[in-house]
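Any value given below was found using the heavy atoms of this structure, including those in side chains, with hydrogens, waters and symmetry copies removed. Numbers restart at 1 for each chain; the letters A, B, ... are given by sequence-line order, proteins then strands.
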Amino acid sequence: MPADPVKELAAALGAAAGAELELERPGEPEHGDYATNVALRLAGARRQPPREIAAELAEAVTELEVVERAEPAGPGFVNVFLRDEWFASALAGILEDGDAYGGGGVAGQERVQVEMVSANPTGPILVSHARNGAYGDAVARLFELAGHAVEREYYYNDSGGQMDRFRASVEAVRRGEEPSEDGYHGAYVRDLAALKGDPVPLMLKEMEGTLERFRIHFDTWRRQSELEERLPELLPRLDTYEKDGALWARSSAYGDEEDRVLLRSGDRSPTYRAADVPYLVDKLERGFDRAIYVLGADHHGTRNWYAAVARMLGYDPERVEVLVYQPVHLTRGGEQTKMSKRRGDVVFLDEFMDEIGVDAARWYLANRGPDQAIDIDVDLAAERSQKNPVYYVQYAHARIAGILRNAGDAAVSAVPAGPLAAEERELVKRLAELPAVAADALVKRGPQGVPNYAIRVADDFHRFYHEHRVLESDQQAFRLALCRATRAVIARCLDLVGVDAPERM
RNA sequence: GCGCCCGUAGCUCAGUGGACAGAGCGGCGGACUUCUAAUCCGCGGGUCGGAGGUUCGAAUCCUCCCGGGCGCACCA
């Protein structure tokens with residue numbers, strides 16, 4: 001069972017107090033190391049003034065060895081002050097966990113598939129797709145840290161109207177003609193025309209290269225045309241009806257907003273929605289306990305469609321999950337850049353990474369909650385890159401790496417040689433938050449909590465560093481232990497959002 | 001019209017029931033013979049869009065209103 005020092009403390013305090021309680025970190029130092037509002041919660045049921053309950057709980061809790069003192073405060077909080085022994089054992093637990101720290105604690109392991117990006121291969125990966133990937137990949141990494149088995153999948157269309165226009169555009173250039181008005185016109189179309197063969201696999205290869213550079217690795221790639229072969233077998237299993245010469249799914253009866261067309265009137269060709277059906281079956285038949293779709297807000301209208309299909313086919317809709325995120329707006333010199341695939345002025349992810357770097361790109365796109373639209377001034381992001389929080393956090397990591405290099409094989413111990421300083425205690429408490437931060441980010445499907453926490457860790461470390469020497473201090477062994485744990489926590493946080501943890505800067 | 005998302009410091013945003021609301025950037029002023037100054041310390045900056053309601057307690061939950069974004073295809 002991986003360490004969670006705060007949870008363990010809460011359990012111990014709760015046992016002593018005879019009530020389940022949660023701990024929070026008060027904003028004011030006078031309010032103790034941790035505080036609980038449990039007395040306020042109990043007041044109603046016990047018909048007793050919260051201050052009175054708080055006083056009783058404080059007394060009970062003081063019996064614990066790690067508690068120096070506890071006191072009732074405010075409207076009915078219990079403020080808890082801890083002895084150095086607690087900080088030592090918390091630090092020891094963190095170090096023992098090593099790479100596993102921050103994760104675990106899940107009841108059962110799930111097989112999870114995160115399908116993301118899934119942009120059709122009609123052009124290079126754009127910054128808008130990158131947010132999809134940065135978000136989906138961060139969620140995937142949170143699942144992995146928690147102990148689940150995750151596969152990342154890319155689904156793409158290789159047939160249909162859009163792809164026909166794309167191929168025709170490349171063919172036109174190869175014949176020395178201009179692509180048609182509704183075709184594709186970017187410089188990349190000319191690059192593809194210079195190569196031989198079907199441009200679709202060539203385009204995909206390039207997209208995969210961009211995504212690898214963005215540090216997203218896909219385990220599997222799924223083609224729409226291949227999945228469509230199962231349509232004749234699967235469509236009869238759906239609840240459908242004929243209207244206006246088309247075949248409709250009665251999805252509104254299964255939780256969707258509306259019914260969807262599966263086969264067009266006229267040529268009876270399958271729609272994109274039809275292809276969703278064999279694809280969903282394919283996912284569930286492959287045994288994923290949870291199939292996650294990552295969709296941009298412009299597709300949020302279909303967020304209930306997937307679970308509706310699952311219901312229609314008799315699968316548990318709980319296995320299907322849709323994550324929606326808001327768009328990215330890039331500005332350059334204050335002017336908004338439109339991100340349409342067919343225009344020449346689109347922002348490619350590769351260009352974006354060229355300008356601000358992979359680390360800053362991943363950071364910026366994971367740093368905001370999925371419900372928040374992201375505004376990035378590219379000029380500012382590149383120009384002021386030295387002041388980006390991502391470098392602030394990386395710098396803390398590099399500083400620690402430097403200290404540990406200089407320390408060589410000096411002794412390391414979580415047991416302090418003397419009384420702990422305020423900065424040391426604050427840092428340990430901060431490190432102890434990681435399991436809760438990671439668990440919360442996973443539950444909310446909101447990875448932004450991780451980079452925000454990483455800034456706090458770096459903050460506490462830089463302050464500690466400024467006040468105290470590590471090497472050749474009378475607390476060297478303890479401080480080396482603190483450095484090791486801090487480095488591990490920062491590295492973990494950076495990794496969760498796909499950012500490198502540098503040894504030097 | 002209906003649905004989803006957003007509205008918090010000059011700017012970009014954290015913060016989904018707790019104590020006087022936070023960070024970065026920007027502004028002003030300080031700190032390097034010291035393990036990395038890409039750092040640290042201080043100052044200034046807010047009717048948390050508005051109005052009601054629930055609660056011992058609301059930026060956070062509920063209702064309504066205002067403002068902005070995105071959807072409401074036999075495109076994907």
Distance only, no hydrogens: is a donor on one side chain within 3.5 Å (strictly under) of an acceptor on the other, for [X] and [Y]?
| X | Y | result |
| --- | --- | --- |
| A:Y392 | A:D459 | yes |
| A:Q48 | A:E56 | yes |
| A:T271 | A:R273 | no |
| A:N157 | A:Q162 | no |
| A:S265 | A:D244 | no |

Contact under 4.0 Å: [X] side-chain N or O vs [N] OP1/OP2:
| X | N | value |
| --- | --- | --- |
| A:R399 | B:A37 | yes |
| A:R463 | B:C41 | yes |
| A:Y465 | B:A37 | yes |
| A:Q326 | B:C4 | no |

- Using 4.0 Å as the upper bound for N to carboxylate O, is an ion pair formed by A:R430 and A:E423?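 No, this pair does not count.
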
- Query: Parallel, tilted or perpendicular for A:Y293 and A:Y279, by the 30°/60° rule?
  - Reply: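 Aromatic pair A:Y293/A:Y279 classed perpendicular.
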
- Which of parallel (below 30°), tilted (30 to 60°) and perpendicular (above 60°) describes A:Y188 and A:F166?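 Rings of A:Y188 and A:F166: parallel, as their planes differ by under 30°.
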
- Message: Centroid distance below 5.5 Å plus an interplanar angle below 30 degrees: do A:H31 and B:A19 meet both conditions?
- Response: yes

- Item | Near-parallel close stack of A:F77 and B:A19 base (under 5.5 Å, under 30°) |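 So A:F77 counts as stacking on the base.
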
Across the strands shown, which category fits [X] at heavy-atom distances under 4.0 angstrom: base, sugar-phosphate, nothing?
| X | answer |
| --- | --- |
| A:H397 | nothing |
| A:R405 | nothing |
| A:Q448 | sugar-phosphate |
| A:Q372 | sugar-phosphate |
| A:D276 | nothing |
| A:A373 | sugar-phosphate |
| A:A35 | base |
| A:R303 | sugar-phosphate |
| A:E258 | sugar-phosphate |
| A:A297 | sugar-phosphate |
| A:G245 | nothing |

- Pairing of RNA chain B as dot-bracket, 5' to 3': ( ) intra-strand, [ ] crossing, | other strand, . unpaired, with Watson-Crick or G-U pairs under 3.5 Å? ((((((((.[[[[.)..(...]]]].(((((.......))))).....[[[[[..)....]]]]])))))))....

Does [X] make a side-chain donor-acceptor contact with the base of [N], cut-off 3.5 Å?
| X | N | answer |
| --- | --- | --- |
| A:N37 | B:G18 | yes |
| A:E28 | B:C20 | yes |
| A:H299 | B:G71 | no |
| A:T271 | B:C74 | no |
| A:N367 | B:A23 | no |

Taking the minimum atom-to-atom distance to the side chain of [X], which one of [options] wins?
| X | options | result |
| --- | --- | --- |
| A:N79 | B:G71, B:A19, B:U12 | B:A19 |
| A:A246 | B:C75, B:C13, B:C74 | B:C74 |
| A:I455 | B:C56, B:A23, B:C75 | B:A23 |
| A:Y391 | B:A38, B:A37, B:C13 | B:A38 |
| A:R368 | B:A23, B:C40, B:C13 | B:C13 |
| A:E24 | B:A19, B:G15, B:A76 | B:A19 |
| A:W248 | B:C6, B:C74, B:C35 | B:C74 |
| A:R469 | B:C74, B:C35, B:A23 | B:C35 |
| A:H300 | B:C74, B:A76, B:C4 | B:C4 |

- Taking O4'-C1'-N9-C4 for purines and O4'-C1'-N1-C2 for pyrimidines, is B:C48 syn (within 90° of 0) or anti?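 Anti conformation here, the glycosidic angle of B:C48 being more than 90° from 0.
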
- Message: Checking the side chain of A:N388 only, and the main-chain atoms of A:V390 only, is there a donor and an acceptor separated by less than 3.5 Å?
- Response: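 Answer holds: no.
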
- Just by modelled atom types, is the A:G418 backbone N or O under 3.5 Å from a matching donor or acceptor in the A:Q475 side chain?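 Checking the backbone N and O of A:G418 against the side chain of A:Q475, a donor-acceptor pair under 3.5 Å is found.
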
